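Predicted model only: the values in this text are computed from it and were never measured.
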Amino acid sequence: MEEISGSGYKEYVAGCLAGVAAVASGHPFDTVKVMLQKHNAEAHMIQYRNGLHCTARILKTEGIKGLYRGATSSFVGMAVEGSLFFGIYSQTKMYLQGGVQSEEPRPQVIIPSAAYSGAIISFVLGPTELIKCRMQIQGTDSLVPKSSRYSSPLDCALKTVETEGVKGIFRGGCTTLLRESIGNAVFMSVYEYVRHQMHSNIKVSSSNYSNLVDIGIGIAAGGLGGVGFWLTVLPLDVAKTLIQTNPDKNCPRNPFRVLSSVYQRAGLKGCYAGLGPTISRAFPANAATIVAWEFALKMLGIRRD
């Protein structure tokens, strides 16, 4: 056991950089995921065979820029989200440990810290994801009339507030809170345990411990944590996408009611719409997030031994 000191703003700065890295590496996969969730889980929409078919359609009709629809709001949202999540997680974890670093991961510390942090960031993430999703479904294959499409994320936000009121921008907020609190508890648990086990085994078996080893561990632990996150909460994400992109402002907001409707129409496959691109994105995007976070912490003089 060793004493750990508060890092103040540094954890938040590192988290901001981690959020930017996540969007840069994962947004194209996210666009494909949202398109599959919207089109393949709802009736009367153009159906994609799989993630590759959807990606090919987007590239053919819109080029690479089509894969980055809605990225502006994502960069802003994820920068703020990453800063808050990693900052609050680190501070909460430190508080629950009484300022003492445990030699092994403690679920009674990790799970509540991550779930609490996830719940807090959902209030920022909900509105930015609503704008992102509404921008992402406006592709060439969309049935949304051109006259009703948004010209920019700001236009989307303003029109949403104009037609649905301020509360409209927070549509799907409860579902986002559930997804983030549950998903991040899984994510950080997998990350902390894999990281601990790999560090312990490598330190015992190798004397040539280097920064490259740290990066490799970060890639593996972060990537597996991301896969765990999405395998756990993808159905909630499908419900969130459908709630946030439904043109009917009085549509059902209960995620379990929405998923029941999807299940009746499309079965379990519908509840996991977008699984392929989601998992394809989960590993590299979350690996990039963790590597950027750990690297930034080192640059700021904080070590996670």
Compare all side-chain heavy atoms of [X] with those of [Y] and state whether any distance is below 4.5 angstrom.
{"X": "Arg281", "Y": "Ser25", "value": "no"}
{"X": "Ser260", "Y": "Gln264", "value": "yes"}
{"X": "Glu129", "Y": "Thr176", "value": "no"}
{"X": "Lys240", "Y": "Pro255", "value": "no"}
{"X": "Arg253", "Y": "Cys174", "value": "no"}
{"X": "Asp237", "Y": "Trp230", "value": "yes"}
{"X": "Thr128", "Y": "Glu81", "value": "no"}
{"X": "Phe283", "Y": "Ile219", "value": "yes"}

Checking [X] side chain against [Y] main chain: does a donor-acceptor pair fall under 3.5 Å?
{"X": "Ser83", "Y": "Tyr12", "value": "yes"}
{"X": "Ser261", "Y": "Arg257", "value": "no"}
{"X": "Asn201", "Y": "Gln197", "value": "yes"}

How long is the gap from [atom1] on [X] to [atom2] on [Y], to the nearest 0.5 Å?
{"X": "Ile182", "Y": "Leu177", "atom1": "CD1", "atom2": "CG", "value": "9.0 Å"}
{"X": "Leu236", "Y": "Leu178", "atom1": "CG", "atom2": "CG", "value": "6.0 Å"}
{"X": "Ile111", "Y": "Ser181", "atom1": "CD1", "atom2": "OG", "value": "12.0 Å"}
{"X": "Ser117", "Y": "Tyr89", "atom1": "OG", "atom2": "OH", "value": "8.0 Å"}
{"X": "Thr241", "Y": "Asn246", "atom1": "OG1", "atom2": "CG", "value": "12.0 Å"}
{"X": "Met135", "Y": "Thr31", "atom1": "CE", "atom2": "OG1", "value": "10.5 Å"}

*asked:* Would you say that more than 12 heavy atoms from the other residues, nucleotides or ligands in this model lie under 6.0 Å from the CG of Leu52, or not?
replied: no
_Does atom OH (Tyr116) have a neighbourhood of more than 12 heavy atoms from anything else shown, all under 6.0 Å?_
no
What are the two closest non-hydrogen atoms of [X] and [Y], and how far apart are they?
{"X": "Val258", "Y": "Ile243", "value": "CG2-CG1, 3.9 Å"}
{"X": "Ala292", "Y": "Ala21", "value": "CB-CB, 3.8 Å"}
{"X": "Pro105", "Y": "Tyr193", "value": "O-OH, 3.5 Å"}
{"X": "Leu259", "Y": "Pro235", "value": "CD2-O, 3.2 Å"}
{"X": "Thr289", "Y": "Ala22", "value": "OG1-CB, 3.0 Å"}
{"X": "Pro112", "Y": "Pro107", "value": "CD-O, 3.6 Å"}

*Mind checking whether Phe187 and Phe85 have parallel, tilted or perpendicular rings, split at 30° and 60°?*
tilted
Quick check: is [Y] connected to [X] through a chain of hydrophobic side chains (ILVMFWY, heavy atoms under 4.5 Å apart)?
{"X": "Ile131", "Y": "Leu158", "value": "no"}
{"X": "Leu17", "Y": "Ile88", "value": "no"}
{"X": "Leu234", "Y": "Leu224", "value": "yes"}
{"X": "Val194", "Y": "Ile279", "value": "yes"}
{"X": "Tyr191", "Y": "Ile121", "value": "yes"}

*Just do the side chain to side chain contact (heavy atoms under 4.5 Å, CB included) check on Tyr272 and Val238 with the steps written out, would you?*
CA-CA 7 Å; Tyr272 278 86; Val238 171; over 6 Å; no
_Set of residues satisfying side chain to side chain contact (heavy atoms under 4.5 Å, CB included) with respect to Ala79, sequence neighbours excluded_ =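 Listed in chain order: Cys16, Val20.
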*Ser152: what forms a side chain to side chain contact (heavy atoms under 4.5 Å, CB included) with it, not counting sequence neighbours?*
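If we apply the side chain to side chain contact (heavy atoms under 4.5 Å, CB included) test to Ser152, skipping adjacent residues, the hits are Leu154, Asp155.
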_Under a plain distance cut-off of 3.5 Å, with no hydrogens placed, do Ser90 and Glu11 share a side-chain donor-acceptor pair?_
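There is such a pair (donor and acceptor under 3.5 Å, judged by atom type) between the side chains of Glu11 and Ser90.
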*Indicate whether the side chain of Arg179 and that of Ser122 have a donor and an acceptor atom separated by less than 3.5 Å.*
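On atom types as modelled, these side chains do not qualify, holding no pair under 3.5 Å.
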*What's the verdict on side chain to side chain contact (heavy atoms under 4.5 Å, CB included) for Asp214 and Phe295, showing C-alpha distance, side-chain angles and the deciding distance?*
CA-CA 9 Å; Asp214 276 340; Phe295 180 77; over 6 Å; no
*Verify side chain to side chain contact (heavy atoms under 4.5 Å, CB included) between Ser113 and Met188, making sure each step is shown before the conclusion.*
CA-CA 9 Å; Ser113 298; Met188 293 309 296; over 6 Å; no
*Show the numbers, then the answer: is there a side chain to side chain contact (heavy atoms under 4.5 Å, CB included) between Gln136 and Lys33?*
CA-CA 10 Å; Gln136 285 174 318; Lys33 178 204 73 173; over 6 Å; no
*For Phe86, what residues pass the ring-ring contact (aromatic ring centres under 6.0 Å, His included) criterion, not counting sequence neighbours?*
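Phe86 satisfies ring-ring contact (aromatic ring centres under 6.0 Å, His included) with Trp293 only.
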*asked:* Please identify which of these residues, Lys159, Arg171, Lys249, meets the side chain to side chain donor-acceptor pair (under 3.5 Å) condition with Glu164.
replied: Arg171
*salt bridge (Lys or Arg N to Asp or Glu O under 4.0 Å) assessment of Lys93 paired with Glu192*: CA-CA 12 Å; Lys93 183 180 171 187; Glu192 294 279 17; 2.9 Å; yes
